[in-house]
Number of protein chains: 2
Amino acid sequence: MVEYNDATLDTLFHALGDSTRRGMLHELAGGERTVGQLAEPYAMSLAAAAKHIQVLEGARLVHKERRGRMHVCRLEPQALRRASDWLRYYERFWNTRLDVLENLLRDADAKASSTGAAGTRAPRRTPPPPKGKRS
Amino acid sequence: MVEYNDATLDTLFHALGDSTRRGMLHELAGGERTVGQLAEPYAMSLAAAAKHIQVLEGARLVHKERRGRMHVCRLEPQALRRASDWLRYYERFWNTRLDVLENLLRDADAKASSTGAAGTRAPRRTPPPPKGKRS
DNA sequence: GTTATATTCAACCATGCGGTTGAATATAGG
DNA sequence: CCTATATTCAACCGCATGGTTGAATATAAC
């Protein structure tokens, strides 16, 4: 059951699509950090860094907890796992040498279609991404 | 050797952070598809869908090849593998029951700090994301 | 050659994103 | 109480993104 809704994966991958945020995750892999600690390495305002952290929170990649006057963040690995699960669906394409086989088939096709016969492969659609519960 | 530069991962994860594009990848998992075929399920102009495909190309998730008057797309699994590799670094956080252990430690800490002694854990920084070759 | 099909290109538009600054809030410490 | 520290909030800005439309290009079909 690798079923996550679109919005979740959107925000998740969007959160991962920024090197500052990935850097913060990497830092959090070393243990809990305060907002200030996470922000410090970056050449941007604290407010900007804090926004990045909020994005990570929104994607449930990070949990923030107030402790006295500082807010400490911790990595929330389940979200990362969700991303990994999604990717796992495509694992067969690189794991088994299926891609090599694909290449051979494609090349054979190219040669075939250039010598005549059209539309040999890929005419069938998989059930269309059903408009609101995709991926 | 799981070393990819920031920009690559930025564009890669950004490309994955859109459900239309993920839907297209899913479709391409079924084999080669033309631009028109990929665009058809979506309630947007062909031009818009084509732009999505270009984003996928830019992230090297898809290879497009002109064949006659149509352009056929194929899945390029190495890029997906890159994303998977990046995630793998964090696998330990959810695979081994290390996260559970972490929870226990954290709770213990919370109790400890609420009963007195401050700043027990997480004072050490891992080497800071070195500003241009991070993640 | 003309027409239809498949796709791109260019200009444009609204919205969101990553950043800034300055003020507000809340806790800790002298 | 007053001040310093840690963080958020709100307003603003420039730029990228995701979408549109209409014209351009190239191949296929008649």
Side-chain angles (χ1 to χ4, degrees), chain A residues 6-7 10-24 32-59 62-74 110 113-120 122-123 134, chain B residues 6-7 9-24 32-59 62-74 110 113-114 116-119 122-123 131 134:
Chain A
D6 284 4
D10 281 4
T11 53
L12 178 49
F13 281 119
H14 170 252
L16 294 178
D18 180 292
S19 75
T20 299
R21 292 192 285 261
R22 285 195 308 278
M24 288 175 166
E32 296 182 343
R33 297 289 185 270
T34 73
V35 170
Q37 285 177 323
L38 283 176
E40 185 264 341
Y42 301 98
M44 67 180 72
S45 67
L46 213 177
K51 276 198 207 172
H52 279 297
I53 296 174
Q54 281 165 19
V55 171
L56 292 170
E57 272 191 287
V62 159
H63 177 81
K64 198 164 39 175
E65 171 196 352
R66 183 167 205 145
R67 204 173 295 170
R69 71 177 148 176
M70 57 246 272
H71 301 200
V72 346
C73 305
R74 113 179 75 100
S113 62
S114 69
T115 46
T120 9
R134 226 182 286 95
Chain B
D6 283 4
L9 286 170
D10 281 4
T11 51
L12 177 50
F13 281 119
H14 170 252
L16 295 178
D18 180 292
S19 76
T20 299
R21 292 193 286 262
R22 285 195 308 278
M24 287 173 166
E32 297 182 342
R33 299 287 185 271
T34 73
V35 170
Q37 286 177 321
L38 282 176
E40 185 263 340
Y42 301 98
M44 67 180 74
S45 67
L46 213 178
K51 277 196 203 172
H52 279 296
I53 296 173
Q54 281 165 19
V55 170
L56 291 170
E57 271 191 289
V62 158
H63 178 81
K64 199 166 36 177
E65 171 195 352
R66 184 168 205 140
R67 204 173 293 170
R69 72 177 148 175
M70 59 246 272
H71 301 199
V72 346
C73 305
R74 116 179 73 101
S113 63
S114 67
K131 208 74 179 173
R134 223 182 290 97

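Values in this document were obtained by computation on a predicted structure and should not be read as measured data. Convention: sequence-line order gives letters A, B, ...; per-chain numbering from 1.
- With values rounded to the nearest 0.5 angstrom, A:R22 atom CZ is found 11.0 Å from A:L56 atom CG.
- Each of A:A47 and A:R69 was assigned the nucleotide of DNA chain D with the nearest heavy atom; the assignment lying further toward the 5' end belongs to A:R69.
- When all heavy atoms of B:V35 and B:L46 are compared, the closest pair comes out as CG1-CD2, 3.9 Å.
- Considering only side-chain atoms of A:K51, the nucleotide from D:dG19, D:dA11, D:dG18 that sits closest is D:dA11.
- Remark: A:R21 CZ to A:H52 NE2 distance equals 6.0 Å, nearest 0.5 Å.
- To the nearest 0.5 Å, atom CD of residue A:E40 and atom OG1 of residue A:T34 are 10.0 Å apart.
- Rounding to the nearest 0.5 Å places OG of A:S45 at 8.0 Å from NZ of A:K51.
- Taking the nucleotide of DNA chain C with the nearest heavy atom to each of B:H71 and A:H14, the more 5' of the two is matched to B:H71.
- Backbone-only engagement by B:A50 is indicated by non-hydrogen atom pairs under 4.0 Å involving sugar-phosphate atoms exclusively.
- Sequence order on DNA chain C of the closest nucleotides to A:R66 and A:G17 puts A:G17 first from the 5' end.
- Taking both residues in full, the closest heavy atoms of A:L12 and A:A59 are given as CA-CB, 3.9 Å, listed atom of the first, atom of the second, then distance.
- Distances shown here put a side-chain N or O of B:S45 below 4.0 Å from the OP1 or OP2 atom of D:dT20.
- For the pair B:Q54 CD and D:dA16 C1', the interatomic distance rounds to 15 Å; values are reported in whole Å.
- Closest non-hydrogen pair, B:E32 versus B:R67, comes out as OE1-NH1, 3.2 Å.
- In this structure, B:F13 atom CZ and D:dA16 atom C1' are separated by 20 Å, rounded to whole Å.
- Between the two ends of the helix from C:dG1-D:dC30 to C:dG30-D:dC1, each summarised by a five-pair axis, the helix axis turns through 20° (rounded to 10 degrees).
- With a cutoff of under 4.0 Å to any heavy atom of chain A, the contacted region of DNA chain C is bounded 5' to 3' by C:dG18 to C:dA28.
- Not one N or O on the side chain of B:R33 forms a donor-acceptor pair closer than 3.5 Å with the backbone of B:M24.
- The shortest non-hydrogen separation linking B:A49 to B:M44 is N-SD, 3.7 Å.
- Atom-to-atom, CG of A:D18 to P of D:dA16 comes out at 15 Å; the value is rounded to the nearest Å.
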